[in-house]
Protein chains: 2
Amino acid sequence: MAKAEVPEVVVARLPLYLRALEYMAERGHDLVSSSALGAEAGVSPAQIRKDLSYFGEFGKQGLGYEVAYLRSQIQRILQLDHCWNMLLVGAGALGHALVNYRAFEGHHYRIVAVFDSDPAKVGQPIGHLVVEPMQGLCETIQAREVTIGILAIPAESAQVVAEELVSCGIRAILNYAPIHLVLRPGIRVSYLDPVASLQSMSYFL
Amino acid sequence: MAKAEVPEVVVARLPLYLRALEYMAERGHDLVSSSALGAEAGVSPAQIRKDLSYFGEFGKQGLGYEVAYLRSQIQRILQLDHCWNMLLVGAGALGHALVNYRAFEGHHYRIVAVFDSDPAKVGQPIGHLVVEPMQGLCETIQAREVTIGILAIPAESAQVVAEELVSCGIRAILNYAPIHLVLRPGIRVSYLDPVASLQSMSYFL
DNA sequence: GCGTGTGAAACAATTCACAGCG
DNA sequence: CGCTGTGAATTGTTTCACACGC
């Protein structure tokens, strides 16, 4: 079976499977069962099979899944067959870490420009890029076909900047600012807030 | 009603409410309704009321919630009334950003030591700390009552280091390495992987 | 009237268990 | 025989809707 409404949780797990498959490929595995993949990804075998069944039939009964094939199929489903251009707002310590983060390149994501509202930071080199002033935002987004914005700025300015990104054509935002963004429907936002993660763990300690 | 099994999703939302309450307090709000809080936190009013009802009755009928009171109650529930000592492993660009991240201090989390296996990095200053060699890990954890470990290291070494942390008494891990950690039950792990977040957004673009 | 707190209803996600195929 | 793919059963989560108190 293919198509139909795919729950978001299912989509959110596909990257975990992909990651696990990459490690198994490195280790030279050709075939993998849903149990083995589950052990590697931290998910139950039944869940893996159910999740994959939303998108098609990728396994061989009695054998398991071909690592290389399943990997390429998940990449296709997640639209990872081309490189995504991203733009970063915020040239602080986190911004530096993100520009220098190697895993983006290895996974077809590329930060093509860095912006900051602080005039003192504009012009400074950061990795292979140079910090640009906010005025150039829209032009860069449109000229370089940037679809994803990364916010590494304080919560105070995040909403305003996010709106600006969206008005320029950005369709997804990776938000490191600890604030909920209110944007028009259809715009995807992912939140990465270490404090929130820590706080929910604190409950269980 | 108090106690009973609280679902993890509920606990995971409390930090969002707390964050929203902090902003409302800054803006001078004394009272807030579940709808207003929901708008700020990106959650439905009914859900907020249901979530809070797992822990007690915090609101006033016809009025809403007292911002300061609800805030203090959620802090209490999440055990944020004392400071949590954390330890960081990995003195790369991300490690630097984390040590200099101001929001930790403002929320009763504190990185008390940084470790790295690279001899070239040991001894280097990073923020107000100095990078230490891995041998000192256990001693620091026990001497300084460190309960949370942060992994900002490559995936290859994350499992081994995580096991070491756990064997020294760490009870929660904030994991930036893109790999699923297998640890004994009771150890909490939060995963923060920007690539995984980006990949699941890519599906919808 | 307004907004909380909460059972009951609706909906969603996960696990079970087994037919079917290599 | 082993392991996938999948309906059915179970379990979990969210929304509804209304009694109750301010």
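The structure presented is a predicted model; accordingly, all values stated were derived computationally and were not measured. Reminder, nothing fancy here: chain letters follow the sequence lines and each chain counts from 1.
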In sequence, state the C-alpha distance, the side-chain angles, and the governing distance for A:Glu40 and A:Leu21, and then conclude on side chain to side chain contact (heavy atoms under 4.5 Å, CB included).
CA-CA 9 Å; A:Glu40 184 83 28; A:Leu21 288 165; over 6 Å; no
In whole Å, I'd like the distance from the [atom1] atom of [X] to the [atom2] atom of [N].
{"X": "A:Arg49", "N": "C:dT15", "atom1": "CZ", "atom2": "P", "answer": "11 Å"}
{"X": "A:Leu52", "N": "D:dT4", "atom1": "CG", "atom2": "P", "answer": "10 Å"}
{"X": "A:Leu70", "N": "D:dT4", "atom1": "CG", "atom2": "C1'", "answer": "12 Å"}
{"X": "B:Gln61", "N": "C:dT6", "atom1": "CD", "atom2": "C1'", "answer": "11 Å"}
{"X": "A:Tyr65", "N": "D:dG2", "atom1": "OH", "atom2": "P", "answer": "17 Å"}
{"X": "A:Leu37", "N": "D:dG5", "atom1": "CG", "atom2": "P", "answer": "12 Å"}
{"X": "B:Lys60", "N": "D:dC22", "atom1": "NZ", "atom2": "C1'", "answer": "10 Å"}
{"X": "B:Asp51", "N": "D:dT15", "atom1": "CG", "atom2": "P", "answer": "10 Å"}

Donor on one side chain, acceptor on other, B:His107 and B:Glu22, under 3.5 Å:
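Short answer, yes.
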Can you check whether B:Ser34 has a side-chain N or O nearer than 4.0 Å to OP1 or OP2 of C:dT4?
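So the side-chain polar atoms of B:Ser34 do come within 4.0 Å of the phosphate oxygens OP1 or OP2 of C:dT4, strictly under.
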Take the angle between the ring planes of B:Tyr69 and B:Phe58 and call it parallel below 30°, perpendicular above 60°, tilted in between.
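It falls in the tilted class, 30° to 60°.
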Taking the inter-plane angle between the rings of B:Phe104 and B:Tyr101 on a 0 to 90° scale, is it parallel (under 30°), tilted (30 to 60°) or perpendicular (over 60°)?
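Aromatic pair B:Phe104/B:Tyr101 classed perpendicular.
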Check every atom of C:dT6, C:dC21, C:dT4 against the side chain of B:Lys50 and return the nucleotide holding the closest atom.
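From the listed options, C:dT6 comes nearest.
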Name the one of A:Leu18, A:Leu14, A:Asp81 that satisfies side chain to side chain contact (heavy atoms under 4.5 Å, CB included) with A:Gln75?
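It is A:Leu18, the one option of A:Leu18, A:Leu14, A:Asp81 that forms the side chain to side chain contact (heavy atoms under 4.5 Å, CB included) with A:Gln75.
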Hey, does B:Ser35 reach any base, or is it just sugar-phosphate, or nothing, if we go heavy atoms under 4.0 Å?
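Answer is nothing: B:Ser35 stays at 4.0 Å or more from every strand.
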So B:Val89 and B:Leu87, side chain to side chain contact (heavy atoms under 4.5 Å, CB included) or not? Walk me through it.
CA-CA 7 Å; B:Val89 185; B:Leu87 164 159; 3.6 Å; yes
Need to verify one output field. Residue with the more 5' nearest nucleotide on DNA chain D, A:Ala46 or A:Gly62?
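The answer here is A:Gly62.
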With rounding to the nearest 0.5 Å, note down the distance linking OH in A:Tyr109 to CE in B:Met201.
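Nearest 0.5 Å value for the OH-CE distance: 7.5 Å.
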Grab the N/O contacts between the protein and nucleotides 11-13 of chain D below 3.5 Å, and write none if there aren't any.
none

